[in-house]
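Structure record follows, encoded as structure tokens.
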Amino acid sequence: QVQLAESGGGSVQAGGSLRLSCTASGAEYIYTYNVVGWFRQAPGKEREGVATIYTGGAGYTGYADSVQGRFAISRDNAKNTVYLQMNSLKPDDTAMYYCAVGRIIGSLRQANYNYWGQGTQVTVSS
């Protein structure tokens with residue numbers, strides 16, 4: 001089993017920043033999964049991939065076009081934690097943000113992720 005806990009969500013004005021955290025626990029995580037992704041789901045919309053990171057080696061990262069240049073994903077393997085730094089936030093970034101773990105490097109497809117957190121809400125006002 002893998003447990004994921006997101007934190008760091010909140011309300012911010014457009015142009016502001018937030019940093020989300022995703023902390024993983026469980027032996028299965030350490031020995032099985034080496035990719036962490038961030039996803040988001042806005043009301044009435046499908047869940048979409050935002051960013052992904054490979055927790056091994058040099059830490060390959062990937063981003064959705066909509067957040068490229070504004071969001072940055074990073075890792076602290078010693079803490080089993082992945083961060084999503086979100087800058088220049090827009091009202092369109094308003095959504096529930098979820099982290100998930102998988103094993104397909106570079107993928108932002110939900111089907112390639114096996115365990116999910118409960119989510120943290122991000123609200124951006126204009």
Side-chain angles (χ1 to χ4, degrees):
Q1 287 288 327
V2 176
Q3 292 79 43
L4 300 172
E6 302 101 331
S7 61
S11 296
V12 64
Q13 289 191 328
S17 299
L18 284 173
R19 189 178 79 156
L20 306 183
S21 299
C22 172
T23 300
S25 59
E28 186 178 355
Y29 166 73
I30 296 172
Y31 295 107
T32 305
Y33 300 102
N34 52 15
V35 173
V36 177
W38 280 99
F39 294 78
R40 66 185 182 186
Q41 187 167 21
K45 295 186 177 181
E46 293 187 356
R47 190 177 298 186
E48 62 173 349
V50 174
T52 181
I53 188 166
Y54 171 53
T55 59
Y60 170 88
T61 59
Y63 298 91
D65 289 344
S66 58
V67 305
Q68 182 76 46
R70 299 188 299 123
F71 290 11
I73 190 170
S74 62
R75 60 183 179 167
D76 184 339
N77 289 347
K79 297 181 179 180
N80 286 344
T81 299
V82 168
Y83 304 98
L84 184 68
Q85 178 67 44
M86 306 186 295
N87 300 323
S88 302
L89 283 162
K90 306 174 182 179
D92 284 350
D93 295 318
T94 295
M96 184 71 78
Y97 282 72
Y98 301 89
C99 67
V101 296
R103 292 187 290 176
I104 307 299
I105 297 173
S107 174
L108 288 176
R109 294 182 66 239
Q110 295 183 59
N112 290 330
Y113 288 80
N114 302 84
Y115 288 95
W116 294 78
Q118 295 297 308
T120 184
Q121 178 68 38
V122 171
T123 303
V124 184
S125 58
S126 58

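Counting from 1, the numbers follow the sequence of the chain as shown. Reckoned from all heavy atoms, side chains included, excluding hydrogens, waters and symmetry mates.
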> Sub-3.5 Å donor-acceptor pair from the side chain of Asn112 to the main-chain atoms of Gly102, do we have one?
Replying inline: no

>> Quick check with a 6.0 Å cut-off and a 45 degree axis cone: is Arg19 positioned over the face of Tyr83's six-membered ring?
In response: yes

> Is there a donor-acceptor pair closer than 3.5 Å between any side-chain N or O of Arg75 and the backbone N or O of Gly56?
Replying inline: yes

> Is a side-chain donor-acceptor pair under 3.5 Å present for Ser17 with Asn87?
Replying inline: yes

>> Using 0.5 Å steps for rounding, measure from the CZ atom of Phe39 to the CZ atom of Arg109.
In response: 10.0 Å

> Taking Tyr33 as the fixed residue, which of Tyr113, Tyr115, Tyr54 is the one that meets the ring-ring contact (aromatic ring centres under 6.0 Å, His included) rule?
Replying inline: Tyr115

>> For Tyr97, is there any backbone N or O sitting under 3.5 Å from a side-chain donor or acceptor partner on Thr120?
In response: no

> Shortest non-hydrogen contact from Gly117 to Tyr98?
Replying inline: O-CD2, 3.6 Å

> Hey, is the main chain of Cys22 close enough, under 3.5 Å, to the side chain of Glu6 for a donor-acceptor pair?
Replying inline: no

> Do Arg40 and Ser66 pass the side-chain contact (heavy atoms from CB on, under 4.5 Å) test, and can you show the C-alpha distance, the side-chain angles, and the key distance before you say yes or no?
Replying inline: CA-CA 12 Å; Arg40 66 185 182 186; Ser66 58; 3.5 Å; yes

> Using a distance-only test with no angle check, is there a side-chain donor-acceptor pair under 3.5 angstrom linking Thr94 and Thr123?
Replying inline: no

>> I'd like to know whether CD of Gln41 has more than 12 heavy-atom contacts from other residues, nucleotides or ligands below 6.0 angstrom.
In response: yes

> Step by step, would you call Ile104 with Val35 a side-chain contact (heavy atoms from CB on, under 4.5 Å)?
Replying inline: CA-CA 7 Å; Ile104 307 299; Val35 173; 5.8 Å; no

> Is the gap between the ring centers of Trp38 and Phe71 under 6.0 Å?
Replying inline: no

>> Test side-chain contact (heavy atoms from CB on, under 4.5 Å) on Thr32 and Arg103; report intermediate values, then the result.
In response: CA-CA 8 Å; Thr32 305; Arg103 292 187 290 176; 4.2 Å; yes

